[in-house]
Asks: 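Sending over a structure as structure tokens; questions will come in a sec.
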Amino acid sequence: MEENDTRGHFIQSIIEEDLKNNKNDGRVVTRFPPEPNGYLHIGHAKSICLNFHMAERFNGRCNLRFDDSNPEKEEQKYIDSIISNVEWLGFDYNGTPLFASDYFDRLYEYAVRLIEKGKAYVCSLTGEQIREYRGTLTEPGKDSPYRDRTVEENIDLFTRMKNGEFGEGEHCLRARIDMASPNINMRDPVIYRIKKMPHPRTGDKWKIYPMYDFTHCLSDAIEGITHSLCTLEFEDHRPLYDWILEELETECHPQQIEFARMDINFTVLSKRKLKRLVDEGHVGGWDDPRMPTLQAMRRRGFTPDSIKTFCSAIGISKKISRIDYGLLENCLRNDLNEKAPRRMGVLNPLEVEIENYPEGESEELTALNHPQKPEFGERTVSFSRRIYIERDDFMEDPPKKFFRLAPGREVRLRFAYFITCKSVEKDPETGEITKLVCTYDPATKGGDAPDGRKVKGTLHWVNAHDCMEADVHLYDRLFMAENPEEKGRDFTENLNPDSLNVKKGCKLEKNLETAEPEYVYQFERLGYFCVDSKLSGKQDVPVFNRTVTLRDSWAKIQKKRNK
RNA sequence: UGGGGCGUCGUCAAGUGGUAAAGACACAGGGUUUUGAUCCCUGCAUUCAGAGGUUCGAAUCCUCUCGCCCCAGCCA
């Protein structure tokens with residue numbers, strides 16, 4: 001990991017070069033600037049990790065600053081959620097979150113200064129006219145008839161805009177740059193608009209609000225940001241970013257650097273599409289464990305470390321990328337394999353009666369909490385005449401490479417005994433297997449045979465007399481197509497109908513009764529699971545989420561055979 | 001057809017003129033194993049979108065071509 005880190009990416013190289021040249025007196029200050037108009041997803045995590053890691057690596061700092069200049073879309077609940085996500089990931093944003101709205105007074109002063117310099121004017125064209133005057137991608141725009149208003153007139157109008165004397169859309173403040181610029185962002189962009197709407201933080205103090213291009217660069221400058229990292233679509237805005245700071249001669253002039261945002265296959269990562277999934281009821285909400293939002297991933301059992309590792313594994317570049325969902329899973333499994341204590345649970349129970357085990361008796365067996373880590377300690381699991389095993393672990397007529405239980409075969413019950421299947425009981429109506437009758441070898445207690453005989457398979461199991469009932473939610477990828485929007489189809493047409501599979505009547509070892517929400521266990525041979533934090537205590541039986549499966553080479557073999 | 005970007009293995013991604021083009025994931029094979037998990041080996045780009053050129057030497061420099069992405073909100 002560390003070695004991977006030292007290799008670095010182009011942004012890191014730029015910062016290192018700046019440091020070498022003592023560009024900002026050796027300071028590195030970055031920021032993560034979300035607009036509180038939605039919930040954060042894994043795509044945002046890439047930006048969060050980048051900004052915080054660069055600050056961390058170079059002994060700088062990283063601010064969490066809300067870009068809250070459009071009260072029409074922003075809400076307190078998003079602010080709260082974003083703060084909690086960043087904290088969950090474990091990043092330190094200097095104690096307190098910052099807000100662009102805290103700078104509204106200074107931003108206003110800057111706007112006035114721009115007017116005084118003759119570099120901004122109040123335009124009274126309608127929205128539609130502004131669009132017409134802007135020209136097109138291939139044709140230059142033309143000057144607004146209001147472009148040459150006097151400074152006095154502009155100041156008067158702008159003041160009255162601020163005082164709420166005009167209606168929305170009647171006037172706006174524009175930077176006076178170049179209507180013929182090949183870069184449309186430079187064609188006298190609007191920098192202030194009238195919006196008679198209360199703001200979540202400034203209430204009804206303001207009737208005018210600054211636009212992104214004006215707010216962002218100045219907020220960066222005010223905070224002394226050295227490297228302003230953003231996504232590729234803002235590349236065209238950089239000349240405007242620089243123009244504003246130059247005209248206003250700010251003490252600090254951060255360097256904007258753009259990188260590519262990511263996509264992940266089999267899912268979608270845009271607020272708009274995610275919102276549709278919620279609004280149209282395809283998922284249970286923004287925190288549905290199938291969603292790629294941070295709150296959903298947390299609920300599902302993802303660890304902050306797995307997300308951070310993922311973000312550094314995908315790298316930073318300017319190439320549009322579609323990352324394998326498998327990579328995310330790999331990072332998750334790697335982390336969970338280290339951290340998750342082992343338990344046993346049976347999802348599709350099949351009863352096994354051990355006919356030579358004394359009726360009415362039971363015993364406690366010792367089980368390791370982690371096969372490679374003795375420091376995880378041990379626990380006891382109880383064993384008796386009746387147990388449950390996984391239905392998939394038995395086949396009446398097994399194929400060649402099936403190592404599990406079958407008539408006449410002997411297997412090991414993990415941490416318990418060798419058992420041999422003697423007979424199979426079936427429902428006479430349906431033919432469904434209802435019970436297996438087996439014998440056990442008392443000499444194999446703990447799982448080793450004193451005579452040295454080997455068995456090929458080891459099965460997980462639970463004591464039928466002493467286990468807990470639970471519902472388990474199994475998740476699969478949300479979409480069936482790598483690119484949910486492929487072939488020009490609406491992405492909702494590619495939804496995976498089996499992305500949620502609710503298993504009722506699962507049997508788990510009793511030790512799981514004390515499991516805390518979001519604390520992930522490995523159910524041996526099955527995968528990683530945690531108690532659902534939202535449903536916890538709201539149903540008669542606990543609900544476990546399957547965070548991710550284990551790698552399953554048996555499933556792979558089967559898949560191949562079926563092809 | 002204007003402007004701004006991007007093109008290195010199936011997917012990400014190092015590489016910034018000098019002998020053999022990192023690494024990760026995926027994939028394939030083998031070993032260990034009381035999880036068909038983990039772990040450990042091995043293999044996996046004579047080639048860097050394509051074509052020319054400069055050079056003793058190019059993925060790296062030059063020219064042209066092709067492909068893909070972004071921009072015409074009083075959104076961010």
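Chain letters run A, B, ... following the sequence lines, proteins first and then strands; every chain starts at 1. Predicted, not measured: the structure shown is a model, and the values here were computed from it.
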Asks: Just to be sure I understand the rule, does P371(A) reach a base, reach only the sugar-phosphate, or reach nothing, if contact means heavy atoms closer than 4.0 Å?
Replies: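 The residue P371(A) makes base contact.
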
Asks: Between T458(A) and R525(A), do the side chains contain an N or O donor and an N or O acceptor separated by less than 3.5 Å?
Replies: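 Their side chains do not contain a donor-acceptor pair, so the 3.5 Å distance test is not met.
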
Asks: Under 3.5 Å, is there a donor-acceptor pair between the N37(A) and E35(A) side chains?
Replies: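 Yes, E35(A) and N37(A) have a side-chain donor paired with an acceptor closer than 3.5 Å.
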
Asks: Paired with C27(B) by Watson-Crick or G-U wobble geometry, both distances under 3.5 Å: which nucleotide is it?
Replies: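 Pair assignment: C27(B) / G43(B).
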
Asks: When both hydrogen-bonding distances must be under 3.5 Å and the geometry is Watson-Crick or G-U wobble, what is G2(B) paired with, if anything?
Replies: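 C71(B) is the nucleotide pairing with G2(B).
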
Asks: Tell me whether the side-chain N/O atoms of R134(A) come closer than 4.0 Å to OP1 or OP2 in G73(B).
Replies: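 It does, given that an N or O in the side chain of R134(A) lies less than 4.0 Å from OP1 or OP2 of G73(B).
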
Asks: Hey, is the side chain of R525(A) poking within less than 4.0 Å of OP1 or OP2 on G36(B), counting only N and O atoms?
Replies: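 Yes, within the criterion.
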
Asks: Is a side-chain donor-acceptor pair under 3.5 Å present for Y241(A) with Q256(A)?
Replies: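 Note: Q256(A) and Y241(A) side chains miss the donor-acceptor criterion.
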
Asks: Look through every strand shown and name the nucleotide pairing with G18(B) as Watson-Crick or G-U wobble, where both distances are under 3.5 Å.
Replies: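 Its partner is C56(B) (Watson-Crick or G-U wobble, both distances under 3.5 Å).
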
Asks: Rounding to an integer number of Å, can you tell me how far K308(A) NZ sits from A24(B) C1'?
Replies: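 Nearest whole value for this atom pair: 20 Å.
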
Asks: Tell me if the side-chain of D552(A) makes a donor-acceptor pair with the base of G36(B), cut-off 3.5 Å, by modelled atom types.
Replies: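 Absent.
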
Asks: Taking the cut-offs as 6.0 angstrom to the six-membered ring centre and 45 degrees off its axis, would you call K162(A) and Y108(A) a cation-pi pair?
Replies: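 Output yes; distance and angle both within limits.
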
Asks: Just how far, in rounded Å, is P of A14(B) from CD1 of I11(A)?
Replies: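 Those two atoms, CD1 and P, are 11 Å apart.
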
Asks: Would you tell me whether S306(A) and R333(A) have side-chain atoms, one donor and one acceptor, within less than 3.5 Å of each other?
Replies: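 No, no side-chain donor-acceptor contact under 3.5 Å.
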
Asks: With a cut-off of less than 4.0 Å, is there a side-chain N or O of T126(A) near OP1 or OP2 of C74(B)?
Replies: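 Looking at the OP1 and OP2 atoms of C74(B), neither is under 4.0 Å from any side-chain N or O of T126(A).
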
Asks: Is R238(A) side chain donor-acceptor paired with the G4(B) base, going by distance under 3.5 Å alone?
Replies: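 A donor-acceptor contact between them is absent.
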
Asks: Under 4.0 Å between a side-chain nitrogen and a carboxylate oxygen: does that hold for E17(A) and K20(A)?
Replies: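 Looking at K20(A) together with E17(A), the answer is yes, because their closest N to O distance falls below 4.0 Å.
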
Asks: Considering every strand and a 4.0 Å limit on heavy-atom distances, what is the contact class for L125(A): base, sugar-phosphate, or nothing?
Replies: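 Base, at least one base atom sits under 4.0 Å.
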
Asks: Please indicate yes or no: is the ring centre of Y212(A) less than 5.5 Å from the centre of the six-membered base ring of A76(B), with the two planes inclined by under 30 degrees?
Replies: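 Y212(A) vs A76(B): stacking no.
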
Asks: Using OP1 and OP2 only, check whether a side-chain N or O of K73(A) sits under 4.0 Å from G73(B).
Replies: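 It does not, given that no N or O in the side chain of K73(A) lies less than 4.0 Å from OP1 or OP2 of G73(B).
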
Asks: Below 4.0 angstrom from OP1 or OP2 of C75(B), is there any side-chain N or O of R193(A)?
Replies: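 Checking R193(A) against C75(B): at least one side-chain N or O falls below 4.0 Å of OP1 or OP2.
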
Asks: Under 4.0 Å between any heavy atoms, over every strand shown, what does K456(A) touch: base, sugar-phosphate, or nothing? Just pick one.
Replies: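 Result for K456(A) = nothing.
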
Asks: Nearest whole Å is fine: how far is A37(B) P from E390(A) CD?
Replies: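 Computing the E390(A):CD to A37(B):P distance gives 17 Å.
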
Asks: Has K271(A) got a side-chain N or O lying under 4.0 Å from the OP1 or OP2 atom of A76(B)?
Replies: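 Negative; the distance criterion is not met.
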
Asks: Go through the N and O atoms of the side chain of Q372(A) and the base of A37(B), and report whether any donor-acceptor pair is under 3.5 Å.
Replies: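 Check passes, donor-acceptor contact within cut-off.
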
Asks: May I ask you to establish whether R343(A) and Y521(A) are in a cation-pi arrangement, using a distance under 6.0 Å from NZ or CZ to the six-membered ring centre and at most 45° from the ring axis?
Replies: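 Cation-pi check for R343(A) and Y521(A): fails.
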
Asks: Return no unless some side-chain N or O of R414(A) is found under 4.0 Å from OP1 or OP2 of G36(B).
Replies: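 Indeed not, no polar side-chain atom of R414(A) lies that close.
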
Asks: Would you please name every residue forming a side chain to side chain donor-acceptor pair (under 3.5 Å) with Y212(A), sequence neighbours left out?
Replies: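 Expected list: none.
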
Asks: Hey, does D67(A) reach any base, or is it just sugar-phosphate, or nothing, if we go heavy atoms under 4.0 Å?
Replies: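 Since only primed, P, OP1 and OP2 atoms lie under 4.0 Å of D67(A), the category is sugar-phosphate.
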
Asks: Just to be sure I understand the rule, does E233(A) reach a base, reach only the sugar-phosphate, or reach nothing, if contact means heavy atoms closer than 4.0 Å?
Replies: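 Sugar-phosphate, no base atom in range.
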
Asks: What's F234(A) touching, base or sugar-phosphate or nothing? Going by heavy atoms closer than 4.0 Å.
Replies: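 Since a base atom lies under 4.0 Å of F234(A), the category is base.
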
Asks: Using whole Å, report how far CE of M262(A) lies from C1' of A24(B).
Replies: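 So the CE-C1' distance, M262(A) to A24(B), works out to 16 Å.
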
Asks: Please state whether the phosphate of G73(B), meaning OP1 or OP2, lies under 4.0 angstrom from any side-chain nitrogen or oxygen of R131(A).
Replies: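 Checking R131(A) against G73(B): at least one side-chain N or O falls below 4.0 Å of OP1 or OP2.
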
Asks: Answer yes or no: is there an ion pair linking E168(A) with K207(A), defined by an N-O contact shorter than 4.0 Å?
Replies: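 So E168(A) does not pair with K207(A) through a salt bridge.
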
Asks: Reckon F402(A) touches a base, only the sugar-phosphate, or nothing at all at heavy-atom distances under 4.0 Å?
Replies: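 Touches a base.
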
Asks: Assuming nearest nucleotide by heavy-atom distance, tell me which of N70(A) and N330(A) is located more 5' along RNA chain B.
Replies: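 With N70(A) and N330(A) compared, the 5'-side residue is N330(A).
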
Asks: What pairs with E509(A) under side chain to side chain donor-acceptor pair (under 3.5 Å), at least two apart in sequence or on another chain?
Replies: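 Counting only residues at least two positions away or on another chain, E509(A) forms a side chain to side chain donor-acceptor pair (under 3.5 Å) with R379(A), N511(A).
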
Asks: Using purine N1 to pyrimidine N3 plus N6-O4 or O6-N4 for Watson-Crick, or N1-O2 and O6-N3 for G-U wobble, each under 3.5 Å, what pairs with C66(B)?
Replies: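 Base-paired to G7(B).
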
Asks: Indicate, with a heavy-atom threshold strictly under 4.0 Å, whether H237(A) touches base, sugar-phosphate, or nothing.
Replies: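 Base: the residue H237(A), judged by heavy atoms under 4.0 Å, touches a nucleobase.
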
Asks: Quick one: what's the B/S/- string for nucleotides 8-13 of chain B, heavy-atom cutoff under 4.0 Å, read 5' to 3'?
Replies: S-BSSS

Asks: Under 4.0 Å between any heavy atoms, over every strand shown, what does E168(A) touch: base, sugar-phosphate, or nothing? Just pick one.
Replies: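 No contact.
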
Asks: By nearest nucleotide on RNA chain B, pick out whichever of E128(A) and L232(A) is the more 5' one.
Replies: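 First, find each residue's nearest nucleotide; the 5'-ward one identifies L232(A).
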
Asks: What is the nucleic acid contact for Y192(A), judged by heavy atoms within less than 4.0 Å: base, sugar-phosphate only, or nothing?
Replies: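 Result for Y192(A) = nothing.
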
Asks: Looking across every strand, which nucleic acid part, if any, lies under 4.0 Å from D448(A) by heavy atom: base, sugar-phosphate, or nothing?
Replies: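 Base contact.
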
